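Per chain, numbering begins at 1; letters A, B, ... match sequence-line order. Everything numeric in this text was worked out from a predicted model, so none of it was measured.
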Amino acid sequence: MTTFEAILLTIVTASTPLLIAALGELVTERSGVLNLGVEGMMAMGAACSFAAAVTFDSTLLGVAAGMLAGVLMAALFALVVLGFAANQVGSGLALTIFGLGLSGLVGAPFVGARRDPIAHIDVPTLSDIPVIGRLFFEQDLFVYASIALTILIALYLTRSRSGLTLRSIGENHTSANALGLPVWRVRFWAILFGGACSGLAGAYLALVYTRFWSPGMTAGRGWIALALVVFAAWRPGWLLVGAYIFGAATVLQLHAQAAQFGVPPQVLSAVPYLATILALLLLSLRRGRAVGAPGSLGVPFVPDR
Amino acid sequence: MFSGKVFGAVAGAAVLALSATGAFAQAKDKIKVGFIYVGPVGDFGWSHQHDQGRQAIEKAFPGKVTTTFVESVPEADSERAIEQLARTGHDLIFTTSFGFMEPTLKVAKKYPNIKFEHATGFKRAPNLSTYAAKFHEGRYITGVIAGKMTKSNVIGYVGAFPIPEVIAGINAYYLGAQSVNPNVKIKIVFANTWFDPAKEGDAAKALLDQGVDVLAQHTDSPAPIQAAEARGKFGFGQASDMERFAPKAQLTAITDNWSDYYVARAKAVLDGTWKSEDTWGGINAHMVVMTPYKNMPDDVKKMAQDTEAAIKSGQFNPFKCPVVGQDGKEIECKGQGALSDEQVLGMNFYVKGIEDKIPQ
């Protein structure tokens with residue numbers, strides 16, 4: 001394996017949890033709900049997936065438990081912001097703090113436990129192709145799932161009737177309600193979907209990326225996922241690109257240090273964030289075109305009576 | 001509200017009573033010891049080891065000492081947490097991160113009858129001691145092992161931040177390797193975090209991808225050594241024994257042992273003999289402990305054991321003079337035959353042979 005291949009492989013690992021979490025948030029936000037609790041849901045996903053995987057010695061059950069934890073957290077959030085029309089920013093922040101704390105409690109008995117790496121899917125002969133072989137045909141299942149999920153969400157939002165409903169509710173919930181569209185129901189499912197994705201991203205962190213659990217191991221990745229949604233202008237295709245740029249910048253700065261390029265690591269660590277700011281800047285310059293945040297994003301829906 | 005006030009008054013009276021007895025009687029029958037940790041006790045590194053020390057106190061004085069701890073205290077907000085322990089009747093308070101230095105000093109001045117101890121700092125007061133461990137002694141030994149074990153002649157180091165403690169560790173590791181293998185090269189990556197397992201793992205993978213086959217780390221999670229294990233390479237545990245995460249890769253681990261020190265300091269408060277002082281103990285003081293040498297040939301093991309013995313007896317110092325800087329000039333020797341403690345604690349240069357620059 002050449003260094004180049006090795007670098008590409010680590011970039012994929014670094015990008016995947018960001019992509020999965022951001023995809024869930026993208027769907028939630030397209031329905032008009034801003035959930036800042038991604039970090040907390042991810043932390044719970046990581047803790048619960050690892051706890052279940054170790055207890056039952058099953059990665060599959062671990063993944064299921066991680067997603068379930070994300071869904072339950074999201075349901076709590078849905079109750080507060082849909083049921084009580086609470087402020088979404090405040091509720092989301094509370095969800096993050098709650099999730100980080102609770103994950104510490106759930107995971108405490110599992111500190112110091114370890115899991116073996118999960119098997120990579122090896123497509124025979126295809127994986128022998130130089131460079132792209134290992135990159136495309138010898139990844140873990142999560143990587144393929146994340147790519148498939150990106151495509152499915154893109155198709156869902158642009159090609160399906162229910163995707164169109166979800167987008168129209170996100171753009172203007174008052175009109176959508178007047179048309180008889182089920183605002184609450186769609187948003188509820190969108191929030192749960194976001195929770196499942198965050199939980200899955202957390203499971204990836206604990207079961208594939210690090211293979212152990214420790215408090216605070218999400219280390220701000222939930223916030224990066226939130227930024228990526230903005231970076232991608234709420235479009236799945238761009239989200240994929242953004243997540244991989246971010247993962248690449250993170251991994252490349254480490255390689256630049258190891259190769260002694262002589263660039264201060266603090267500067268290189270900042271590159272992904274600078275890229276986000278640059279993207280936001282470019283985005284705002286072409287705001288004239290119809291790309292931007294969903295119209296009702298972050299606004300509680302209270303129907304007229 | 002009302003009950004809160006009553007509780008506060010009672011607690012206040014209790015503190016007054018305690019400080020009053022403290023002023024007259026030297027020895028005490030019962031004490032409360034408090035701890036402030038910067039990370040979670042489950043970090044499996046730094047804070048975890050301090051908590052082992054706390055538990056050792058509980059075991060050493062059953063019924064006489066009660067302990068409490070506050071974990072994951074942000075350095076910026078630590079004054080409140082420290083003062084909280086001071087107000088709730090603690091006799092001895094340990095604060096265990098460099099960033100807690102100023103807040104600890106401030107609270108210590110406010111509560112002269114309470115004893116404070118700050119780890120890795122340099123500011124003292126009549127009721128504030130400082131303590132730290134000479135981790136670089138252990139790092140020199142790991143360097144000797146790395147120099148012998150490397151086949152590619154490229155060894156690696158995952159650093160947290162380019163601060164003196166980490167720089168001294170890198171230098172000691174490299175000097176150790178160079179002492180047994182003049183051709184050895186070192187590659188260094190700073191993760192710019194003490195604790196982000198995923199990123200630490202990525203840093204380790206980057207080094208392994210660049211041809212490193214023995215990896216040392218100065219960040220707090222087991223992720224780097226785990227990455228070495230996954231690639232069939234070698235590494236060293238950091239702060240805690242990380243063998244369970246890397247049974248084939250861990251050659252040894254540099255572990256922090258605060259237990260003896262913490263028990264001794266609690267005893268000093270019980271006996272009324274506590275004094276403000278500075279402690280910087282290494283292998284000799286049993287504050288830095290090497291876990292059993294494994295996964296290496298017998299001759300390398302012997303070499304590591306001999307080095308450890310020489311450091312322990314004081315015959316050898318990792319920074320014995322002459323120490324040569326990257327520019328080929330000797331570093332002025334301010335200690336006796338070795339760099340002085342101050343020079344090591346403030347180390348801001350790489351030694352000759354390291355082909356990298358310290359990030360500014």
Of the non-hydrogen atoms in [X] and [Y], which two are nearest, and what is the gap between them?
{"X": "A:A258", "Y": "B:A206", "value": "CB-O, 4.4 Å"}
{"X": "A:F212", "Y": "B:P197", "value": "CZ-CB, 3.7 Å"}
{"X": "A:A113", "Y": "B:F245", "value": "O-CE2, 3.7 Å"}
{"X": "A:S214", "Y": "B:F195", "value": "OG-CZ, 3.1 Å"}

Heavy-atom pairs under 4.5 Å with chain A: which of [options] has the most?
{"options": "B:A227, B:G201, B:A203", "value": "B:A203"}
{"options": "B:K187, B:Q210, B:K205", "value": "B:Q210"}
{"options": "B:S72, B:A230, B:A198, B:G156", "value": "B:A198"}

Would you say A:L61 has more than 12 foreign heavy atoms packed within less than 6.0 Å of its CG? yes
Roughly how far apart are [X] [atom1] and [Y] [atom2], rounded to 0.5 Å?
{"X": "A:M217", "Y": "B:E200", "atom1": "CE", "atom2": "CD", "value": "10.5 Å"}
{"X": "A:Q253", "Y": "B:N192", "atom1": "CD", "atom2": "CG", "value": "7.0 Å"}
{"X": "B:D202", "Y": "A:T13", "atom1": "CG", "atom2": "OG1", "value": "7.0 Å"}

Can you confirm whether A:R221 sits close enough to B:D196 that some side-chain heavy atom of one is under 4.5 Å from a side-chain heavy atom of the other? yes
Under 3.5 Å: donor-acceptor pair, side chain of A:R114, backbone of B:R244: yes
With respect to chain B, which residue among A:T210, A:T218, A:T10 yields the maximal number of heavy-atom pairs within a distance under 4.5 Å? A:T210
For A:L254 and B:F190, run side-chain contact (heavy atoms from CB on, under 4.5 Å): C-alpha distance rounded to whole Å, both residues' side-chain angles, the deciding distance at 0.1 Å, then the answer. CA-CA 8 Å; A:L254 297 168; B:F190 288 100; over 6 Å; no
Per-residue contact mode, A:R211 against chain B (heavy atom under 4.5 angstrom):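 Both backbone and side chain of A:R211 come within 4.5 Å of chain B.
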Chain A heavy atoms under 4.5 Å from B:I354: which part of the residue, side chain, backbone, both or neither?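 Neither part.
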Go through the atoms of B:E355 and report whether side chain, backbone, both or neither lie under 4.5 Å from a heavy atom of chain A. both
What do the steps show when you test A:Q257 against B:I188 for side-chain contact (heavy atoms from CB on, under 4.5 Å), and what is the final call? CA-CA 7 Å; A:Q257 286 190 56; B:I188 303 154; 5.9 Å; no
